[in-house]
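Taking it in order: structure first as structure tokens, then the write-up.
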Amino acid sequence: MNEIKIFSPATVANVACGFDILGFCLDSVGDHMVIRKTDTKGIHITKIEGFDLPYEPELNVAGVSALEMYATLDVDFGFEIEIYKKIKPGSGIGSSAASAVGSVFGMNALLGNPFSKTQLTEFAIKGEALASKCEHADNLAPALFGGFTLVKSVSPLQILEIPSPKKLYATIVHPQIEIKTSESRAILPKQVALSDAVKQSANLGSLVHALHTNDYDLIKNSLNDVIVEQHRSKLIPEFNKVKQAILNAGALGAGISGSGPSIFSLSEGLETANNVKDAIIKIYSNTGIEFDIHISKINSEGVKVL
């Protein structure tokens with residue numbers, strides 16, 4: 001096999017109480033990428049559609065992760081990468097992670113899968129760091145492993161897979177403004193109150209337990225962010241009004257997806273997820289702000305061959 005086409009999914013990171021460590025994978029939106037072997041050594045980005053991104057591998061998230069992996073190989077050929085970008089950069093649903101994951105996943109498949117998902121995440125972290133100015137894997141891990149994941153440690157990298165209830169649906173709204181991950185991180189406090197850290201830890205532990213036990217009521221009681229949301233929500237138009245409407249529509253909880261501006265919610269069942277969608281549309285339709293909205297089951301597979 002000399003060429004492969006893949007789907008690299010969008011993801012939601014942080015999931016309210018799991019800043020930088022928790023994430024889940026979406027099924028309804030993602031990038032398409034084509035990876036092929038070439039006689040010319042090295043990494044070459046030959047086509048980009050959807051958004052204006054650099055072709056130089058060292059300046060492109062997909063290229064950086066590919067270069068990191070390529071440096072470990074002893075081969076007499078190279079790889080070409082085509083990127084069909086469906087996830088808008090700066091949307092808060094793992095655009096850079098999808099690129100970073102897609103290139104190394106495709107290369108690995110063409111090589112006969114010599115690297116584990118954890119090793120691929122380590123390569124992809126270098127690409128993600130180009131976009132966010134720090135190494136973190138809360139979007140990368142669910143994109144590669146699928147489902148919910150928890151990053152136990154970055155150094156050494158340890159990813160924990162978490163089951164998700166079958167009736168769990170996500171509704172994601174993306175207001176058409178851009179918030180750069182690096183800028184969104186810069187506004188966060190360097191220190192937090194001990195009492196807030198305790199509350200956040202309790203919520204995270206409870207959420208992980210609820211996902212394991214299919215306890216929707218406990219999911220609802222756990223999806224609370226007492227540390228990050230109060231700062232980042234100021235960058236998102238109508239955030240508080242939208243979140244309240246989401247909860248009034250019956251969602252289990254809502255919060256900022258990654259660094260924003262996307263807002264995620266989780267619901268028990270497709271009917272409630274659709275009700276949440278209608279509530280969001282009602283608010284944003286009156287603001288003049290353009291937006292995209294998606295409903296998705298939790299994608300248990302992650303990045304995949306098309």
Side-chain angles (χ1 to χ4, degrees), residues 9-19 22-30 87-88 91-94 138-139 142 147-149 162 164-177 179 184 200 203-204 206-208 210-211 214-230 232-233 235-287 289 291-300:
T11 49
V12 169
N14 301 336
V15 198
C17 53
F19 178 71
L22 193 63
F24 66 83
C25 188
L26 298 173
D27 197 40
S28 63
V29 59
I87 312 170
K88 185 176 181 179
S91 60
I93 52 174
D138 50 348
N139 283 110
F148 279 81
T149 57
I162 302 170
S164 55
K166 292 182 179 180
K167 295 181 181 179
L168 203 59
Y169 282 81
T171 306
I172 315 289
V173 60
H174 172 214
Q176 295 293 301
I177 63 170
I179 297 177
S184 185
Q200 197 85 329
N203 285 332
L204 177 59
S206 298
L207 179 58
V208 171
L211 293 169
N214 298 319
D215 190 334
Y216 291 96
D217 287 335
L218 186 55
I219 292 174
K220 183 175 183 177
N221 290 329
S222 304
L223 285 171
N224 293 298
D225 174 11
V226 298
I227 294 177
V228 175
E229 185 177 292
Q230 59 184 305
R232 287 182 166 173
S233 62
L235 303 176
I236 303 172
E238 304 291 350
F239 175 82
N240 291 327
K241 184 183 289 188
V242 169
K243 181 177 180 180
Q244 189 57 56
I246 287 170
L247 297 177
N248 291 345
L252 299 170
I256 302 170
S257 178
S259 58
S262 288
I263 303 169
F264 84 93
S265 61
L266 290 173
S267 299
E268 181 181 358
L270 180 58
E271 182 179 353
T272 302
N274 276 307
N275 290 340
V276 168
K277 176 182 177 180
D278 293 340
I280 296 171
I281 290 173
K282 186 174 182 180
I283 292 176
Y284 271 128
S285 293
N286 293 321
T287 63
I289 300 170
F291 61 95
D292 292 329
I293 194 162
H294 311 280
I295 293 178
S296 176
K297 287 205 73 172
I298 308 303
N299 177 354
S300 61

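Nearest approach of Ser233 to Ile256, heavy atoms of both residues: N-CD1, 3.6 Å. Residues His294 and Ser28 come closest through the heavy atom pair CB-OG, 3.8 Å. The two residues Tyr216 and Pro165 have their closest heavy-atom pair at OH-CB, 3.1 Å. Here the closest heavy-atom approach between residue Ile236 and residue Pro175 is recorded as CG2-CG, 4.5 Å. Residues Ser164 and Phe148 approach most closely at CB-CD1, 3.5 Å, considering heavy atoms. Of all heavy-atom pairs between Ile87 and Pro9, the closest is CD1-C, 4.1 Å.
Rounding to the nearest 0.5 Å gives a distance of 7.0 Å between CG of Leu266 and CD1 of Ile219. In this structure, Leu252 CG and Lys167 NZ are separated by 12.0 Å, a value rounded to the nearest 0.5 Å. Atom NE2 of His174 sits about 5.0 Å away from atom OG of Ser91, to the nearest 0.5 Å. Note that CG of Leu218 is 8.0 Å distant from CG of Leu207, once rounded to the nearest 0.5 Å. Rounded to the nearest 0.5 angstrom, Asn275 CG and Ile246 CD1 are separated by 12.5 Å. Note that the CD1 atom of Ile295 and the OG1 atom of Thr171 stand 4.5 Å from one another [nearest 0.5 Å].
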Would you check, one step at a time, whether the test side-chain hydrogen bond (donor to acceptor under 3.5 Å, both in side chains) holds for Asn240 with Gln244? CA-CA 6 Å; Asn240 291 327; Gln244 189 57 56; over 6 Å; no
Please evaluate residues Asn14 and Arg232 with respect to the criterion side-chain contact (heavy atoms from CB on, under 4.5 Å), reporting the C-alpha separation (whole Å), side-chain torsions for both, the decisive distance (0.1 Å), and the verdict. CA-CA 12 Å; Asn14 301 336; Arg232 287 182 166 173; 3.6 Å; yes
Where do Leu223 and Val15 land on the side-chain contact (heavy atoms from CB on, under 4.5 Å) test, with the steps shown first? CA-CA 7 Å; Leu223 285 171; Val15 198; 3.9 Å; yes
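Ser285 has its side chain within reach of Phe291: a pair of non-hydrogen atoms, C-beta onward, lies under 4.5 Å apart. Residues Phe24 and Ile162 fail the side-chain proximity criterion, which asks for heavy atoms closer than 4.5 Å. Put simply, the side chain of Pro237 does not reach to within 4.5 Å of the side chain of Thr287, judged on heavy atoms. Between Leu204 and Phe19, the closest side-chain pair of non-hydrogen atoms is not below 4.5 Å.
Side chain of Asp27 to backbone of Asn299: no donor-acceptor contact under 3.5 angstrom is found. Using a distance-only test at 3.5 Å, with no hydrogens or angles considered, a donor-acceptor pair links the side chain of Lys297 to the main chain of Lys166.
Taking a 6.0 Å sphere around NZ of Lys277, one finds it holds 12 or fewer heavy atoms contributed by other residues, nucleotides or ligands. Atom NZ of Lys220 is surrounded by 12 or fewer heavy atoms from other residues, nucleotides or ligands within 6.0 Å. Atom CD of Gln176 has more than 12 neighbouring heavy atoms from other residues, nucleotides or ligands inside a 6.0 Å radius.
Here the rule is side chain to side chain contact (heavy atoms under 4.5 Å, CB included) with Val173, and of Ile263, Ile283, Val276 only Ile263 fits it.
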